[in-house]
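For reference, the structure is listed below as structure tokens.
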2 protein chains.
Amino acid sequence: MITKTRRKKLIAESLKLLKKAHIVITPREAKNIETADFGLGQPETTGLQLIVYLNTDRCCAKELILLPKQTCPQHKHPPVEGEAGKEETFRCRWGKVYLYVEGKPIAKPKCKPPKDSINYYTARHQIVLNPGRQYTLAPDIWHWFQAGPKGAVVSEFSTKSRDQSDIFSDPRIRRKTVIDDSF
Amino acid sequence: MITKTRRKKLIAESLKLLKKAHIVITPREAKNIETADFGLGQPETTGLQLIVYLNTDRCCAKELILLPKQTCPQHKHPPVEGEAGKEETFRCRWGKVYLYVEGKPIAKPKCKPPKDSINYYTARHQIVLNPGRQYTLAPDIWHWFQAGPKGAVVSEFSTKSRDQSDIFSDPRIRRKTVIDDSF
């Protein structure tokens with residue numbers, strides 16, 4: 001759980017990045033930005049901010065906002081109720097994001113996982129996403145990503161999002177949606 | 001069929017709008033922008049430009065670019081091969097777009113359908129989309145849309161796109177994908 005003050009700061013910083021990216025959101029969306037800390041209590045390091053534009057039974061679209069060097073921890077989307085896992089595409093809109101997926105490991109990765117969690121980060125095939133670049137991730141593949149030094153704004157296009165079904169490498173992680181502004 | 005010169009002009013104007021919207025695309029995406037004239041040969045009136053970011057069996061994301069007053073003609077997305085029709089969300093990123101769907105007709109609509117096609121435009125429930133505003137359209141519902149006086153850039157998030165299966169009110173319409181730059 002993160003304090004109201006920290007959540008407010010994360011949101012304020014995220015709004016600055018959205019402004020730099022020229023992405024317009026409604027006042028209600030701004031108020032309800034989700035701050036994910038994955039239960040680790042260090043959202044400035046392991047965390048990200050999200051705006052869910054749409055999440056129906058069939059498709060989903062989000063804006064992901066990452067502060068400088070903020071990391072979304074390693075996870076994958078398994079099959080759920082007989083349906084293939086979530087298929088997702090990340091399209092960088094502003095800034096830079098380094099995406100790591102299963103596959104041929106890069107010799108000198110640009111990013112380091114958060115200090116106390118290194119052992120949980122095994123995906124080392126590096127994809128660099130600058131603005132206008134995108135990558136589609138097949139379901140059930142381990143992946144994690146980290147923003148560059150200025151942060152990043154990334155559009156995510158996907159099938160239905162079921163955060164509670166995601167599997168994380170780090171057993172300490174608890175994925176909980178925090179968008180309640182009364183929090 | 002539209003001439004190479006007209007297609008070039010539509011693309012040049014579309015690129016200007018994308019720039020105003022601060023949406024970054026790759027040189028390849030710019031070259032391959034789809035110009036849809038719906039077989040009517042008047043794309044500046046009845047037509048739109050599209051960038052398909054992604055279209056898999058499960059989901060689809062596009063950027064739609066409409067020049068001032070350009071109209072996407074009335075159509076709907078029926079069920080295909082036992083699957084519900086396309087479900088789509090329009091999110092305005094820049095400019096203004098007027099969306100007309102089945103439902104309670106508005107007394108004084110802001111837009112008029114293209115002159116020679118008025119009888120084919122029956123959906124008169126008006127939704128105004130300014131930047132940051134979005135609307136999710138259920139499958140198999142008649143709809144059409146027209147850009148405001150400065151044009152519009154609209155993100156579309158949807159299930160799989162099957163343009164060839166769309167049904168248009170105007171029987172003269174033929175939906176053909178034109179992205180071949182050798183054309």
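Throughout, protein chains are lettered first and strands after them, A, B, ... in sequence-line order, and every chain is numbered starting at 1. If you're wondering where the values come from, they're calculated on a predicted model, not measured in any experiment.
Put simply, B:Ile51 and B:Trp94 are part of the same group of oily side chains (I, L, V, M, F, W, Y) that touch within less than 4.5 Å, one to the next. Under the 4.5 Å side-chain heavy-atom criterion for ILVMFWY residues, a single connected hydrophobic cluster contains both B:Leu64 and B:Tyr135. No continuous path of hydrophobic side-chain contacts links A:Trp142 to A:Trp144 [ILVMFWY only; heavy atoms under 4.5 Å].
Summarising the geometry of B:Cys59 relative to A:Ser158, their closest heavy-atom pair is SG-C, 3.7 Å, with the distance given to 0.1 Å. Contact record, B:Arg58 with A:Gly85: NH1-O, 2.7 Å, taken as the closest heavy-atom pair.
Interface summary for chain B: among A:Asn130, A:Leu54, A:Ile23, the most heavy-atom pairs under 4.5 angstrom belong to A:Leu54. In terms of non-hydrogen atom pairs under 4.5 Å with chain B, the most contact-rich of A:Glu29, A:Gln134, A:Arg91 is A:Arg91.
Atom CG of residue B:Asn55 and atom OG1 of residue A:Thr89 lie 10.5 Å apart, to the nearest 0.5 angstrom.
Looking at B:Lys160 and A:Glu87, no side-chain N of the basic residue comes within less than 4.0 Å of a carboxylate O on the acidic one, giving no salt bridge.
Annotation for B:Val52: hydrophobic cluster partners, listed by chain and number, are none (ILVMFWY side-chain heavy atoms under 4.5 Å, direct or chained).
Heavy atoms of A:Thr136 lying under 4.5 Å from chain B belong exclusively to its side chain. No part of A:Glu156 comes within reach of chain B, as not one of its non-hydrogen atoms sits under 4.5 angstrom from that chain. Only the side chain of A:Glu63 has a heavy atom closer than 4.5 Å to any heavy atom of chain B.
Residues of residues 9-17 of chain A never come within less than 4.5 angstrom of chain B, heavy atom to heavy atom.
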